[in-house]
Amino acid sequence: MNVATWNVNSIRTRLAHVTQWLTDNPVDVLCLQETKVVDDDFPRSPFTELGYEVYIYGQKSYNGVALLSRVPLTDVRYGFGGVLGEAIGAEWDAQKRVISGWFADVRIVNLYVPNGSSVSSDKYPYKLAWLGILRDYLQTLLASESQVLVCGDFNIALEDRDIHDPKGREKQVMATDAERNALRAVLELGFADAFRKFNQDDGQFSWWDYRAAAFRRNLGWRIDHHYLSPSLYERAQGCTIDIAPRALEKPSDHVPVTVQL
DNA sequence: ATGGCGGGTCTAACCCGA
């Protein structure tokens, strides 16, 4: 099975790119982030016409995640509350960033981790706290499910080789030690990076700033990831970044990343 | 470079992303 993740930066603006990519790359599951649309206005039919089931968890203007699947998913969970229940305050799901479903023998978790804005912003401690809730969420899933794939836009580059220029990174959001340590605490539950099973190169990125001709100069970051529980990591046969959509007219600033299981 | 581009919507002396 093939599972892809793609932050599309508005599903309505990127609709033609996503449908074309799915036609060329008919993955079993596509995890979308930053759909930026309420559920009633999500463009379902272009995907159902391609043979995909559509599961959405959106909000107005910001955030929003979705799962597209070639077969119906079971046990779809919406938000942190969908797994942690009322024990977690509803405020943690005010921003729609988490959706999860069961495909074949794999629990797929699709995340849009907060960006954090800047180290001095209120959004930065929110991001760190959010990663703490994520740890509880995944620990709860792992109590009953052993094959878990966690993917999405993590807004964190875990290693210096994941950044075009790591100089000053300890003060830069997406690469501070606190963010990396918060993500490592999540991964210590038993997850490993599918991409690094197959590729040890630097210069491998999934996001490039719209400004300063960053894509043409390959000034990017690798912040979109597939993390796998142990048996899935052993089973993984490949993990690839498709940079082609970044060169289209009016692209998303992220590109799709696909894991083969 | 407290913002160069590009989403969104309260179309702006706007907000937000990464």
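Reminder, nothing fancy here: chain letters follow the sequence lines and each chain counts from 1. Please read all numbers here as calculations on a predicted model, not as lab measurements.
Checking the phosphate oxygens (OP1, OP2) of B/dA18, a side-chain nitrogen or oxygen of A/Tyr112 falls inside 4.0 Å. When the side-chain nitrogen and oxygen atoms of A/Asn115 are compared with OP1 and OP2 of B/dG17, none of them lie within a distance under 4.0 Å. For B/dC5, neither phosphate oxygen OP1 nor OP2 lies less than 4.0 angstrom from any side-chain nitrogen or oxygen of A/Lys250.
Counting to the nearest Å, the C1' atom of B/dC5 and the CZ atom of A/Arg246 are 9 Å from each other. The interatomic distance linking A/Trp208 (CH2) with B/dG7 (C1') rounds to 18 Å, in whole Å. Between A/Glu249 atom CD and B/dG7 atom P the separation is 11 Å, expressed in whole Å. The NE2 atom of A/His164 sits 11 Å away from the C1' atom of B/dA18 (whole-angstrom rounding). As rounded to whole Å, 11 Å separates atom C1' of B/dG6 from atom CD of A/Glu34. The CZ-C1' distance, from A/Arg217 to B/dG4, rounds to 11 Å in whole Å. A straight line from CD1 of A/Ile163 to P of B/dA18 spans 15 Å, rounded to a whole angstrom. Rounded to whole Å, atom C1' of B/dC5 lies 15 Å from atom CG of A/Asn7.
Partners of A/Glu159 under the side chain to side chain donor-acceptor pair (under 3.5 Å) rule, at least two apart in sequence or in another chain, are A/Arg161. With sequence neighbours left out, the side chain to side chain donor-acceptor pair (under 3.5 Å) criterion links A/Arg14 to no other residue. Legend: residues meeting side chain to side chain donor-acceptor pair (under 3.5 Å) with A/Asp224, ordered by chain and number and at least two apart, are A/Ser206, A/His254. With sequence neighbours excluded, no residue satisfies side chain to side chain donor-acceptor pair (under 3.5 Å) with A/Ser45.
Taking atom C1' on both nucleotides, B/dT2 is separated from B/dA13 by 16 Å, rounded to a whole Å. Separating the P atom of B/dA18 from that of B/dG8 is a span of 14 Å, rounded to the nearest Å. Taking atom P in both B/dC5 and B/dC10, the straight-line distance is 25 Å, to the nearest Å. Distance noted for atom C1' between B/dT9 and B/dC14: 9 Å (whole Å). B/dC15 sits 23 Å from B/dA1 when the P atoms are compared, rounded to a whole Å.
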Legend entry - Letter per nucleotide, 5' to 3', of nucleotides 8-16 of chain B [B base touched, S only sugar-phosphate touched, - untouched; heavy atoms, 4.0 Å]: SSS----BS
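Among residue pairs with one or both ends in residues 86-96 of chain A, those qualifying as side-chain hydrogen bond (donor to acceptor under 3.5 Å, both in side chains) are A/Gln95-A/Arg97; sequence neighbours excluded. Pairs engaging residues 4-59 of chain A under the ring pair (Phe, Tyr, Trp, His ring centres under 6.0 Å) rule: A/Trp6-A/Trp21, A/Tyr57-A/Tyr78 [sequence neighbours left out]. The list of salt bridge (charged side-chain N to carboxylate O under 4.0 Å, His left out) pairs with a residue in residues 35-56 of chain A, not counting sequence neighbours, reads A/Glu34-A/Lys36.
In the hydrophobic clustering of this structure, A/Leu187 does not group with A/Leu228; members are Ile, Leu, Val, Met, Phe, Trp, Tyr whose side-chain heavy atoms approach within less than 4.5 Å, directly or through other members.
At the heavy-atom level, A/Asn63 lies nowhere under 4.0 Å from the strands shown. Across all strands, A/Phe215 comes closer than 4.0 Å to no nucleic acid atom at all (heavy-atom distances).
Side-chain atoms of A/Glu179 and A/Thr176 form a donor-acceptor pair, as typed in the model, at a separation below 3.5 Å. Looking at A/Asp153 and A/Gln33, their side chains never bring a donor and an acceptor atom within 3.5 Å of each other. Side-chain contact, A/Arg107 with A/Ser100: a donor N or O sits under 3.5 Å from an acceptor N or O.
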Inset, instruction - Can you run through DNA chain B from 5' to 3' and write each base as (, ), [, ], | or . depending on how it pairs? Watson-Crick or G-U wobble, both distances under 3.5 Å. - result: ....((((.....)))).
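Within the hydrophobic cluster formed by Ile, Leu, Val, Met, Phe, Trp and Tyr side chains joined at under 4.5 Å, directly or through other members, A/Ile241 is accompanied by A/Phe195, A/Phe205, A/Trp208, A/Phe215, A/Ile243, A/Val255, A/Val257.
Checked for salt-bridge contact, A/Asp193 and A/Arg222 meet the test: a charged N lies under 4.0 Å from a carboxylate O.
Contacts with DNA chain B (heavy atom under 4.0 Å) in residues 166-175 of chain A: A/Met174, listed by number. Scanning residues 15-22 of chain A for heavy-atom distances under 4.0 Å to DNA chain B yields an empty list.
Enclosure of atom CG in A/Asp75 by more than 12 non-hydrogen atoms of other residues, nucleotides or ligands within 6.0 angstrom is indicated.
The aromatic ring centres of A/Phe154 and A/Tyr227 sit less than 6.0 Å apart.
Position along DNA chain B of the nearest nucleotide to A/Ser117 versus A/Arg14 favours A/Arg14 as the more 5'-ward residue. Along DNA chain B, the nucleotide nearest to A/Val113 and the one nearest to A/Ala212 differ in position, and the one closer to the 5' end is contacted by A/Ala212.
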